[in-house]
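Keep in mind that the numbers below use all heavy atoms, side chains included, and drop hydrogens, waters and symmetry copies. Proteins get letters first, then strands, A, B, ... in listed order; numbering begins at 1 in each.
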Amino acid sequence: KNEVEQSPQNLTAQEGEFITINCSYSVGISALHWLQQHPGGGIVSLFMLSSGKKKHGRLIATINIQEKHSSLHITASHPRDSAVYICAARKSSGDKLTFGTGTRLAVRP
Amino acid sequence: NAGVMQNPRHLVRRRGQEARLRCSPMKGHSHVYWYRQLPEEGLKFMVYLQKENIIDESGMPKERFSAEFPKEGPSILRIQQVVRGDSAAYFCASSPRRNDQPQHFGDGTRLSIL
């Protein structure tokens, strides 16, 4: 079993829909990252959080440390949000990131 | 204000050749991380370096792979005697300090082995 699990693996939405991507982890962490990878392959860091909630534009990330669960929400989704969203956990014991397998999101106009 | 720069973007090598991948971190960043993304797989940590030091190389294969981050110049990931299984996208990320900042990623180097 992977230490970081994401769901769903694939997600198709209509433009304007509210989207939720989930991430569960089984290890103690010091931080949880959300990343976005576009079809061209480049990776953008969206959030790094260790507690609570962060918001940037239409993106919201939350984390529940007790339940070892994080969610990424996209409000008023747009076709340009189509990408692979990856969560990554930094274990309490070290520096390296352990990645989920990603959620491939397609937003249709 | 350049981001993390990786070059080359695409690299083609024949089996048995050497591959050198370069990563220039963002200005002011002294921590560099290398990750590998195999086709249809997720990202995997390879190595974490600070200037002139390897901090954690637990994700790097013991043979043929090496990494350095010299006092001057970019970080280099070197793969000797490449094999088909080395075909992947290699990403570099940097951060200004240990752990308390998000990592900034480069666009990656796509390595293809013929």
Side-chain angles (χ1 to χ4, degrees), chain A residues 1-10 21 23-25 27-51 54-56 59 61 63 70 72 83-105, chain B residues 3-11 23 25-26 29-50 53-60 67 69 87-112:
Chain A
K1 191 178 189 300
N2 291 337
E3 291 178 323
V4 179
E5 297 273 359
Q6 280 185 244
S7 64
Q9 278 191 302
N10 294 283
I21 298 170
C23 176
S24 297
Y25 52 92
V27 294
I29 68 167
S30 56
L32 193 291
H33 296 247
W34 281 101
L35 311 170
Q36 180 192 54
Q37 186 170 27
H38 273 281
I43 296 173
V44 174
S45 182
L46 298 175
F47 296 103
M48 183 184 82
L49 64 167
S50 52
S51 65
K54 286 191 176 180
K55 184 174 189 292
H56 186 256
L59 301 178
I63 189 167
S70 176
L72 177 69
V84 176
Y85 292 84
I86 303 166
C87 75
R90 188 174 67 232
K91 294 183 188 179
S92 306
S93 57
D95 303 285
K96 63 186 182 185
L97 296 179
T98 301
F99 297 85
T101 51
T103 295
R104 190 175 300 274
L105 171 66
Chain B
V4 177
M5 303 299 291
Q6 287 189 250
N7 67 81
R9 288 295 305 276
H10 300 274
L11 181 60
C23 169
M26 283 184 72
H29 288 196
S30 58
H31 299 255
V32 166
Y33 310 79
W34 285 94
Y35 301 97
R36 178 164 68 173
Q37 188 174 39
L38 292 167
E40 303 305 318
E41 292 190 21
L43 287 155
K44 295 279 194 298
F45 166 82
M46 297 185 76
V47 61
Y48 163 39
L49 311 103
Q50 273 184 272
N53 289 305
I54 296 174
I55 307 299
D56 182 349
E57 56 182 348
S58 59
M60 203 152 69
F69 188 15
S87 295
Y90 292 82
F91 289 93
C92 166
S94 72
S95 65
R97 288 182 296 276
R98 194 168 187 167
N99 288 342
D100 65 345
Q101 296 287 320
Q103 296 177 17
H104 296 260
F105 284 78
D107 287 336
T109 293
R110 274 122 192 105
L111 176 64
S112 298

Neighbour count above 12 (heavy atom, 6.0 Å) for Arg104(A) CZ = no

Honestly, the part of Gln37(B) sitting under 4.5 Å from a heavy atom of chain A is side chain

Reported CZ-to-CD distance for the pair Phe91(B) and Gln37(A), which is rounded to 0.5 angstrom =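 One finds 4.5 Å between CZ of Phe91(B) and CD of Gln37(A).
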
Which atom names give the shortest non-hydrogen contact between Ser58(B) and Lys96(A), and what distance separates them?
-> OG-NZ, 2.9 Å

Which pair of heavy atoms, one from Lys44(B) and one from Phe99(A), lies closest together, and at what distance?
->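 Smallest interatomic distance, heavy atoms only, reads N-CD1, 4.3 Å.
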
Could you check if a side-chain atom of Leu97(A) sits within less than 4.5 angstrom of a side-chain atom of Tyr35(B), using non-hydrogen atoms only?
->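 With C-beta onward as the side chain, the pair touches.
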
Would you say the side chain of Ile43(A) lies within less than 4.5 Å of the side chain of Leu43(B), judging by non-hydrogen atoms?
->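 The answer is yes; the side chains approach within 4.5 Å.
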
